[in-house]
Peer 1: 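The following block contains the structure, expressed as structure tokens.
Convention: sequence-line order gives letters A, B, ...; per-chain numbering from 1.
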Amino acid sequence: MEYRFQEIEKKWQHFWQSNQTYRVDENSTNPPYYVLDMFPYPSGAGLHVGHPLGYIASDIYARYKKHTGFNVLHPMGFDSFGLPAEQYAILTGQHPAKTTKENIARYREQLDKLGFSYDWSREIQTSSPSYYKWTQWIFIQLYNSWFNPTTSKAEPISQLIQFLNENGLSSAFLNEIPGIMDADIKPFTVAEWKGFTIEQQQNVLMNFRLAYLGESFVNWCPELGTVLANDEVVNGFSERGGYPVERKLLKQWSMRITSYAQRLLEGLDALDWPESIKETQRNWIGRSEGISVRFPLIKHEGWIEVFTTRPDTLYGVSFLTIAPEHERVSALCTSEQLEEVEAYIALSKQRSERERIADVNTISGVFTGSYVAHPFTKEPIPIWIGDYVLAGYGTGAVMAVPAHDERDFKFASHFSLPIKQVIQPQESHDFNLGAWTEKSGVLINSQLLNGLSVYEAIQIITENIVNEGHGSKRINYKLRNAVFGRQRYWGEPIPAYFKGDQPYMIPVEMLPLNLPEVDKYLPTEDGDPPLGRAANWKFQDLFEYEKSTMPGWAGSSWYYLRYLDPSNENMLAAPDKIAYWGSVDLYMGGAEHATGHLLYARFWCKFLSDLGIIPFEEPFKKLINQGMILGRSSFVYRVEGEQTFVSAGLKDAYRTTPIHVDISLVTNDRLNIDGFKSWRSEFKNAKFILEPSGEYLCGYEVEKMSKSKYNVQTPDELVERFGADTLRMYEMFLGPVEQSKPWDTKGITGVQGFLKKYWRLFHLNGKFELNEAKPSKEHYKILHKTIRKIREDLDRFSFNTGVSNFMICVNELTESKGNYREILEPLTVLLAPFAPHITEELWEKLGNKPGSLFNASYPTFNPDYLVESDYEYPVSFNGRMRFKISLPLSLNTEEIQANVLSQAETIKWLEGKSPKKIIIVPGKIVNLVI
RNA sequence: GCGGAUGUGGUGAAAUUGGUAGACACGCUAGACUUAGGAUCUAGUGCCGAGAGGUGUGCGGGUUCGAGUCCCUCCAUCCGCACCA
């Protein structure tokens, strides 16, 4: 009987759906296990074969866990707010909700065809009000919280108010608070605090809130008409769409993620994540330990504070450089320098972020005319302005030590400023060519530091700076607070309204704040975001609502929690359900979210944990990044000036132009000529120069999958031709999940052949028929060897070798006529996670209850069946294997040696010499050294 | 520049702790069955060599009885960050 995969797959998909086979709840005595895929954004293009790669792997693992006695949560949903749907809406006038709904339906249909074990009763969509109600709720909690530096935790803002009532705000306390460095807030006493107006007090509190409205330089994308977070900007262009991005000073809703910088960094160590992702996050957080040093101004009040990690070079300072945006710039600029400085600042304002990045090597700057005094030598040091200093990092000012910093060196060389050596470098180093930036060498020209190593000098000078009141130790982070408002329509409304300039949160009982209808998805004439078009967009008909919406990452920052209790109307998820399932055990998804989603989700998780809503600090225990699947484009070669196409093997004899051809017309590089002719009218009368075999061979190239390259492979088409089980196994067979690889259908027939062969094991003369006798030891051995390997493979997520091991097993069973019920029944359970449809069918035919396979327990490996009496020893001479000899495993080292030495082969290879040494590892190898 | 990862046949790859390199699959070659199929089966297939044999995991070196695996130098490719003081 033929393996009719289409019939079988349809039958079981229908069965699973109508019987709710994959539904899970908390009423189980089995331990819980949570397997999660990064939910997709439902784009108009649908899924291509790259998307399911991770889904298949996690589905196999989830099913495996289920078979081995876990209560497995394996949900799926859609990240359904976002720019593409809105861009499409602007073009067509169609409501984004409509296209989103259609796209979700299409995705769902494609996913269903692949036989995933998702519990769809838990489906969530970030754009549905019942979901974003809780996204808004979390936002309000963030607004009502601050980060207490003493406890390193988020606490209610009411506790801060109480603290300020009792203590006021000291500069020491202010210094300790991570994340508010860039805010302009001054210390005050209790009396001053109490004397503030309510508005003044609120303005102070705004500097502490974890979700806050603040003025800062933001990434503004004019084309998209919205601000973007740092991770949404790639090399000065928007990640979505690739439009230019500018710096702009704007009042914006932001997230004080920098408060959590230290905890986000520390938390990484314990995570079972790929090293590259952890490293990327560490890099993005960018912790650096150093000291801030105050250089007193000459002829002005106060000082310039710089941040440095190299205080050992303090005696090598020859000038200070401050950022063009530095707050003291205009005050410090003397009248002689005014014109030049103003011109420079105007120029650097004009330069977009993109230009600055593209133009790193151009050195520009200007002298302010003012000086500071060196804290120890009291020598005057000129203050320069340079745009290589970033306003947003450290103090926006650096002490320039040209001899030991590459950028300072270039700046000094360009403007002929002094270069003062304070570390004796390696002899070979030439100061005409560049700075000595190594942290090695002996200090010179540095008074009390002379003769010390760099490390010692850092310790001593730091102590002196602190003791003499010139500065304090400081830790800086590259991580910036994340801009949270988007001037777009298709996102969660920010649940705030305004009385005058003061924002207020709407009461949580009134959530959700529904996304209003608008006539157009464009900004208003006054430049307000699209929500400005909504009729009466006012709280209680009086106070204007916030018009920005939340960014794409808002909904995805906590969705893993909603799956635990998706329809709860009273809280984001019930505490007992959160306690039962816990955090995600296995998270599967792409590496492109390293600094976006994965960092924000960790931030919100820590916040919710501080609030006591969840009992864990990290959302995802183990993370696996599935690799990208690249497209494999096919080409035909048109002879120049003709409608003649020459096969790839013969093309070098002609002058040809390669043309992309739709990969659906190509099988194993062979062109479907008739299909090609009717593909496009211009090829209707095409002529062909064929290979001697009579075939037309196409050339190929590996590129990104894209419509314009005709290399997009949809899973639907392959499911149609080969079946879902074949596609599932083939995607796994391609190679390790973590690895990127080109898509190539070449090998898929091999996997299909395997399933056919497996199917044939159960059939004799076209009928389902098994050998009911007791299997031989040999057959048990085949089975148990496979059980062991498959379990090992699954435990280390090595799905590709798993598929291979199934092939080996079926090959061996076929060869040895091992069609015993006692062998094939456990094998069917073993294979079920990989190929759920064919195994369900055979499971039923074996006489089991339909649909019960999912709950069957996984076969266990019995070592007794693998006990061997003999072993084929490889015998090596000088490490090179020459021949094999089968010996009983019971032999000891001496007996093995005696046996090997008596072999004719051994005598031949010894060539009359006697071995210097004989290494024998029983059960492993024999090696003779001659 | 800094950080991470990866280099193995014609191709995708395997080799979990140092112990038979290339499992499994594609492709290719030859053959069988065949009114032909994108079907199935058999044999072969790293490279050089007629063979004996030699040689072989990016290059060069080291440790070891033994290295794809450990150590050092270099090269290439991919990814991330990048004027971060």
Peer 1: Side-chain N or O of A/Y393 versus OP1/OP2 of B/rA85: is the shortest distance under 4.0 Å?
Peer 2: yes
Peer 1: Mind checking A/K908 for me? I need base, sugar-phosphate or nothing, with any heavy atom below 4.0 Å counting as a touch.
Peer 2: sugar-phosphate
Peer 1: Quick one: look up who B/rU40 pairs with, Watson-Crick or G-U, both distances under 3.5 Å, and put none if it's unpaired.
Peer 2: B/rA32
Peer 1: Look at the side chain of A/I925 and decide which nucleotide, out of B/rC83, B/rG19, B/rC24, has an atom nearest to it.
Peer 2: B/rG19
Peer 1: Taking the side chain of A/N811 as its heavy atoms from C-beta onward, which of B/rA14, B/rA25, B/rA85 lies nearest to it?
Peer 2: B/rA25
Peer 1: Report yes or no: is the cationic atom of A/R882 (NZ for Lys, CZ for Arg) under 6.0 Å from the centre of the six-membered ring of A/F877, at an angle within 45° of the ring normal?
Peer 2: no
Peer 1: Does B/rG1 pair with anything, Watson-Crick or G-U wobble, both distances under 3.5 Å, and if so, with which nucleotide?
Peer 2: B/rC81
Peer 1: Any donor-acceptor pair under 3.5 Å joining the side chain of A/N927 to the base of B/rC65?
Peer 2: yes
Peer 1: When the ring centroid of A/F411 is compared with that of A/W384, is the distance short of 6.0 Å?
Peer 2: yes
Peer 1: If you only use heavy atoms from C-beta on, which nucleotide in B/rG54, B/rU16, B/rG4 is closest to the side chain of A/E792?
Peer 2: B/rU16
Peer 1: Measure from NE2 on A/H593 to P on B/rC81 and round the result to the nearest Å.
Peer 2: 13 Å
Peer 1: Syn versus anti for B/rG9, judged by chi lying within 90° of 0?
Peer 2: syn
Peer 1: Rounded to whole angstroms, how far apart are CE on A/M881 and P on B/rU55?
Peer 2: 15 Å
Peer 1: Can a side-chain donor-acceptor contact be found between A/T801 and A/S804 if the only test is distance below 3.5 angstrom?
Peer 2: no
Peer 1: Between A/M399 and A/E872, which residue's closest nucleotide on RNA chain B lies nearer the 5′ terminus?
Peer 2: A/E872
Peer 1: So that I know where these two stand, are A/Y871 and A/Y873 an aromatic pair - ring centroids less than 6.0 Å apart?
Peer 2: yes
Peer 1: Is the phosphate of B/rC79, meaning OP1 or OP2, less than 4.0 Å from a side-chain N or O of A/S740?
Peer 2: no
Peer 1: Searching all strands shown, indicate the nucleotide that pairs with B/rG19 (Watson-Crick or G-U wobble; both distances under 3.5 Å).
Peer 2: B/rC65
Peer 1: B/rC47 pairs with which nucleotide, Watson-Crick or G-U wobble, both distances below 3.5 Å?
Peer 2: B/rG54
Peer 1: Please report the distance, rounded to the nearest Å, between CG in A/D312 and P in B/rA85.
Peer 2: 14 Å
Peer 1: What does A/P274 touch in the nucleic acid at a heavy-atom separation under 4.0 angstrom: a base, only the sugar-phosphate, or nothing?
Peer 2: nothing
Peer 1: Which one is paired to B/rG10, where only Watson-Crick or G-U wobble pairs with both distances under 3.5 angstrom count?
Peer 2: B/rC26
Peer 1: Out of B/rG4, B/rG19, B/rG80, which nucleotide sits closest to the side chain of A/T280?
Peer 2: B/rG80
Peer 1: How many Å lie between CD on A/E738 and P on B/rU6, as a whole number?
Peer 2: 10 Å
